[in-house]
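The structure under discussion appears below in the form of structure tokens.
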Amino acid sequence: MNLFSDIRALVIGTLEMMTKEGDLPDGLSFGNVTVEPPRDPLHGEMATNAAMVLAKPAGQKPRDIAQKLVSILSTDDRIISVDIAGPGFLNLCIVPHVWQSLVKEVLSSGRAYGTSAMGAGQTVNVEYVSANPTGPLHVGHTRGAVFGDALAGLLDYAGYDVTREYYVNDGGSQVDVLARSVYLRYLEAHGQEVAFEDGTYPGDYLIPLGQALKNKVGDAYLDQGEQFWLAEIREYATEAMMGMIRDDLAMLGVSMDSFFSEKSLYGTGAIEAAIDSLRAKGLIYEGVLELPKGKKSEDWEPREQTLFKSTDHGDDVDRPVMKSDGSWTYFAPDVAYHADKVNRGYDLLINVFGADHGGYVKRMKAAVSALSRGKIPLDIKLTQLVRLFKDGEPFKMSKRAGNFVTLRDVVDQVGADVTRFVMLTRKNDAPLDFDFNKVLEQSRENPVYYVQYAHARGYSVQRRAAEAGINVDIATLGVADLSRLSHEAELVVIRRLAEWPRLIEIAARTNEPHRVAFYLYELASDLHALWNKGNEEPALRFLQEDDPDTSQAKIALVQAVCVVISAGLGILGVKPVEEMR
RNA sequence: GGUCUGUUAGCUCAGCUGGAUAGAGUACUUGCCUCCGAAGCAAGGGGUCACAGGUUCGAAUCCUGUACAGACCGCCA
């Protein structure tokens with residue numbers, strides 16, 4: 001149930017009636033007609049722009065259309081009054097009963113209140129994290145993981161059938177580098193002096209792996225050439241790294257539905273098939289790329305390569321799928337991977353990339369567009385950098401030196417809930433400052449506590465009510481006399497609850513889970529405000545000891561707020577709490 | 001040189017399909033615990049929405065250009 005779409009349906013119905021009666025010309029599109037909460041509550045409870053957006057196409061004055069709309073709309077029994085304001089807005093006042101009954105709706109639907117029909121069971125694949133299996137997840141991956149997981153949760157809530165997927169880059173040369181680095185640690189475990197040169201991973205996290213390898217194979221790999229051990233160590237190390245990454249994700253509360261291995265594309269003809277499918281569309285050719293402007297020409301040697309004509313699908317330059325030595329580029333298995341996603345029949349694809357992969361957006365979209373003949377949309381969300389601060393000083397991290405701030409470091413220090421919420425109180429495409437001191441020492445100012453506190457207060461009231469002998473079980477609240485919720489301050493909260501389904505649709509349409517976080521903050525703020533008004537106006541206190549019926553109605557409202565907070569936090573992957581500790 | 005992001009209050013940021021007098025937090029000033037948990041609430045000051053054009057009934061929002069910041073730009077992934 002969505003009150004705003006209900007009233008919008010009423011407005012559209014009225015417009016259609018007007019068309020039938022000749023008050024409006026045939027063939028008008030009502031797609032731009034909105035019904036939304038007005039920015040200023042003094043303007044009423046709902047506002048529609050119908051008269052204004054239709055004035056021009058209808059060739060009539062806004063106020064004339066508005067006048068006619070008013071006379072029809074005001075006969076609906078849900079509507080108290082309709083006013084024409086400003087240049088032609090219609091401000092609607094809704095009968096209190098409609099608002100009050102929303103509380104009942106929330107309580108009976110529970111978490112399902114706000115779930116939406118917009119997804120309509122469409123299948124969507126959300127690919128996120130997809131970090132190389134060469135080390136632990138760092139703080140940048142953390143943001144991608146949090147964002148992707150919240151987005152998946154949001155789409156799930158909005159009615160999509162969501163697959164959460166991790167693309168494991170276990171096929172490229174970086175896993176050879178990993179294997180060589182582990183080999184060095186293995187030699188080290190045997191007491192040898194080793195040097196980590198450029199092109200190896202010097203991080204400490206590989207030390208236990210070298211030790212474990214020694215325990216496993218003894219001295220079998222000593223004094224042996226790479227061809228003897230590389231493949232086996234690669235296998236062994238990749239698996240170990242993925243185990244570590246899964247553990248990291250679990251700390252954050254992220255669990256994937258699917259891990260797709262890049263390696264599985266090799267040797268099966270999958271890459272060849274994907275490239276052939278592009279070739280069949282005339283999009284593969286042999287050619288020489290031009291020197292990118294701004295690059296030094298000394299470093300540049302023209303080479304003939306196998307190229308994908310991505311410029312036919314909106315890219316700026318064509319992209320190589322094969323290196324001049326005949327091996328695949330990184331892009332080729334990516335094309336095959338996305339061909340696989342297309343073939344799996346998803347209605348919608350979403351990739352979450354770090355900002356450093358921004359250069360791949362156009363070519364991936366081009367590839368999916370070509371592979372699916374433009375039928376399957378691919379949305380790519382970039383998460384910008386996380387800038388870490390401690391004591392006001394920026395934290396520098398260097399993956400090469402192996403001293404980077406890991407997901408584990410962050411979650412150990414501040415906890416999964418705070419990490420997630422803080423990272424979601426920012427748009428994905430803007431950089432994020434993450435200050436350890438702020439999220440820890442000044443935790444009172446942390447929005448996650450603010451929202452959880454509202455939820456905890458809601459449960460606190462219920463405990464108090466139960467102690468006072470008032471029945472507050474969910475069935476009783478569900479039949480409470482909600483007409484007692486007539487105070488403006490209470491209606492403010494109900495109107496906020498009414499916005500929830502609409503917010504979900506907006507957030508899901510734009511793939512922007514941060515909107516959920518901001519909404520929850522506002523809803524929590526409304527509840528805190530109402531709570532404190534009880535200090536000055538005893539009639540607004542939730543607990544009216546001598547009046548169980550009124551208490552039940554008020555507590556039903558509080559419970560409805562808790563339901564929505566809980567649902568919202570659930571989308572974001574943050575735990576609602578019933579008590580603050 | 002090119003591509004992609006971003007630029008809104010002193011600071012950190014929201015701002016929906018273009019809509020009414022641009023909103024929060026923080027900081028500052030001042031109130032509120034005999035009262036459901038003060039991890040809270042209320043009030044006040046604080047703005048050339050980077051800049052310049054354009055589109056229209058209407059622009060922080062769309063378009064063009066400029067400035068500044070960040071990420072990326074064949075034979076790494």
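Every chain is numbered from 1 and lettered A, B, ... according to where its sequence line falls, protein lines coming before strand lines.
If you measure from atom CG of A:Asn532 to atom C1' of B:G31, you get 13 Å, rounded to the nearest angstrom. Between A:Asn428 atom CG and B:C13 atom P there is a gap of 14 Å when expressed in whole angstrom units. What separates NE2 of A:His357 from P of B:U3 is a distance of 21 Å, to the nearest Å. Distance A:Asn446 CG to B:U12 C1': 13 Å, rounded to the nearest Å. To the nearest angstrom, P of B:G6 lies 17 Å from CG of A:Asp433. Between A:Arg457 atom CZ and B:C41 atom P the separation is 7 Å, expressed in whole Å. Separating the CG atom of A:Asp526 from the P atom of B:A42 is a distance of 9 Å, rounded to the nearest angstrom. What separates CD of A:Glu522 from P of B:C41 is a distance of 13 Å, to the nearest Å.
By the 4.0 Å N-to-carboxylate-O rule, A:Asp318 lies too far from A:Lys309 to be salt-bridged with it. One finds no salt bridge joining A:Arg515 and A:Glu505 here, because no Lys/Arg side-chain nitrogen approaches an Asp/Glu carboxylate oxygen to under 4.0 Å. Using a 4.0 Å cut-off between charged side-chain N and carboxylate O, A:Arg502 and A:Glu36 make a salt bridge.
Counting heavy atoms from C-beta on, the side chains of A:Val422 and A:Asn446 come closer than 4.5 Å. Considering only heavy atoms from C-beta on, A:Tyr459 stays 4.5 Å or farther from A:Val577 through its side chain. Looking only at side-chain heavy atoms (C-beta outward), A:Tyr166 and A:Ile245 come within less than 4.5 Å of each other.
Rounded to whole Å, the separation between the P atoms of B:U21 and B:G37 comes to 42 Å. B:C49 and B:A14 have their C1' atoms separated by 13 Å, given to the nearest Å. As rounded to the nearest Å, B:A22 and B:G15 have C1' atoms that lie 8 Å from one another. Across the P atoms, B:C62 and B:G47 are found 25 Å apart, a figure rounded to whole Å. Between B:A24 and B:C51, the distance separating the two P atoms is 22 Å to the nearest Å. As rounded to the nearest Å, B:U7 and B:U61 have C1' atoms that lie 14 Å from one another. The gap from the P atom of B:U30 to that of B:G45 amounts to 16 Å, rounded to the nearest Å. Annotation: B:C68 and B:A60 have their P atoms spaced 25 Å apart (nearest Å).
Both A:His514 and A:Leu289 lie close to RNA chain B; mapped to their nearest nucleotides by heavy-atom distance, the more 5′-ward contact belongs to A:His514. Nearer to the 5' terminus of RNA chain B, by closest-nucleotide assignment, is the contact made by A:Arg8 (compared with the other of A:Arg8 and A:Gln174).
In the set B:A38, B:A39, B:G70, the nucleotide with an atom closest to the side chain of A:Trp531 is B:A38. Checking B:G37, B:U17, B:G74 against every side-chain atom of A:Arg464, the shortest atom distance belongs to B:G37. Closest to the side chain of A:Tyr450, from the set B:A39, B:A38, B:C41, is B:C41. With B:A39, B:G40, B:A14 as the candidates, the nucleotide lying closest to the side chain of A:Arg426 is B:A14. For A:Gln384, counting side-chain heavy atoms from C-beta on, the closest listed nucleotide (B:U17, B:U5, B:G74) is B:U5. You'll find that the side chain of A:Lys427 is closest to B:U7, out of B:U7, B:G37, B:U56. Counting only heavy atoms from C-beta on, A:Lys362 has its side chain closest to B:U3 among B:U17, B:G37, B:U3. Listed candidates were B:A71, B:G74, B:G37. Nearest to the side chain of A:Asp356 is B:A71. Nearest nucleotide to the A:Phe518 side chain, out of B:U56, B:G15, B:C13: B:C13. Which of B:C36, B:A42, B:C76 sits closest to the side chain of A:Lys323 comes down to B:C76.
Using modelled atom types and a 3.5 Å distance limit, the side chains of A:Thr238 and A:Asp170 yield no donor-acceptor pair. For A:Asp473 and A:Thr476, the side-chain atoms include at least one donor-acceptor pair closer than 3.5 Å. For A:Asn351 and A:His338, the side-chain atoms include at least one donor-acceptor pair closer than 3.5 Å. Between the side chains of A:Thr550 and A:Arg484, at least one donor-acceptor pair of N or O atoms lies under 3.5 Å.
A:Ala430 comes within 4.0 angstrom of no nucleic acid atom, judged by non-hydrogen atoms across all strands. Counting any heavy atom pair closer than 4.0 Å across all strands shown, A:Thr34 reaches a base atom. Heavy atoms of A:Lys533 sit nowhere under 4.0 angstrom from any nucleic acid atom. Residue A:Glu579 is in base contact, counting any heavy-atom pair closer than 4.0 Å across all strands shown. Within 4.0 Å (heavy atoms only), A:Arg541 reaches at least one base atom of the nucleic acid. A:Asn535 comes within 4.0 angstrom of a nucleotide base, judged by non-hydrogen atoms across all strands.
With its glycosidic angle within 90° of 0, B:C33 adopts the syn conformation.
Applying the Watson-Crick and G-U wobble criteria (two distances, each under 3.5 Å), B:G25 pairs with B:C11. Under the Watson-Crick or G-U wobble criterion, with both distances below 3.5 Å, B:C62 is paired with B:G54. If you check B:G37 for Watson-Crick or wobble pairing at under 3.5 angstrom, you find it has no partner at all. Nucleotide B:G18 forms no Watson-Crick or G-U wobble pair with any nucleotide shown, as no partner meets the under 3.5 Å limit on both distances. B:A42: Watson-Crick or G-U partner is B:U30, with both key distances under 3.5 Å. Applying the Watson-Crick and G-U wobble criteria (two distances, each under 3.5 Å), B:A71 pairs with B:U3. Across all strands shown, nothing is found opposite B:C49 as a Watson-Crick or G-U wobble partner with both distances under 3.5 Å.
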Could you pull out the protein-nucleic contacts involving nucleotides 19-23 of chain B (nitrogen or oxygen on both sides, under 3.5 Å)?
| from | atom 1 | to | atom 2 | distance (Å) |
| --- | --- | --- | --- | --- |
| B:A20 | OP2 | A:Arg39 | NE | 3.3 |
| B:A20 | OP2 | A:Arg39 | NH1 | 3.0 |
| B:A20 | OP2 | A:Arg39 | NH2 | 3.1 |
| B:A20 | N6 | A:Asn91 | OD1 | 2.8 |
| B:A20 | N1 | A:Asn91 | OD1 | 3.1 |
| B:A20 | N1 | A:Asn91 | ND2 | 3.2 |

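For A:Ser460, a side-chain nitrogen or oxygen approaches OP1 or OP2 of B:G37 to under 4.0 Å.
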Decide yes or no on ring-ring contact (aromatic ring centres under 6.0 Å, His included) for A:Tyr450 and A:Tyr521, but give the supporting numbers first.
CA-CA 7 Å; A:Tyr450 185 85; A:Tyr521 189 88; 4.4 Å; yes
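Residue A:Arg502 places a side-chain atom within donor-acceptor reach of the base of B:C16, judged by atom type and a 3.5 Å distance cut-off alone.
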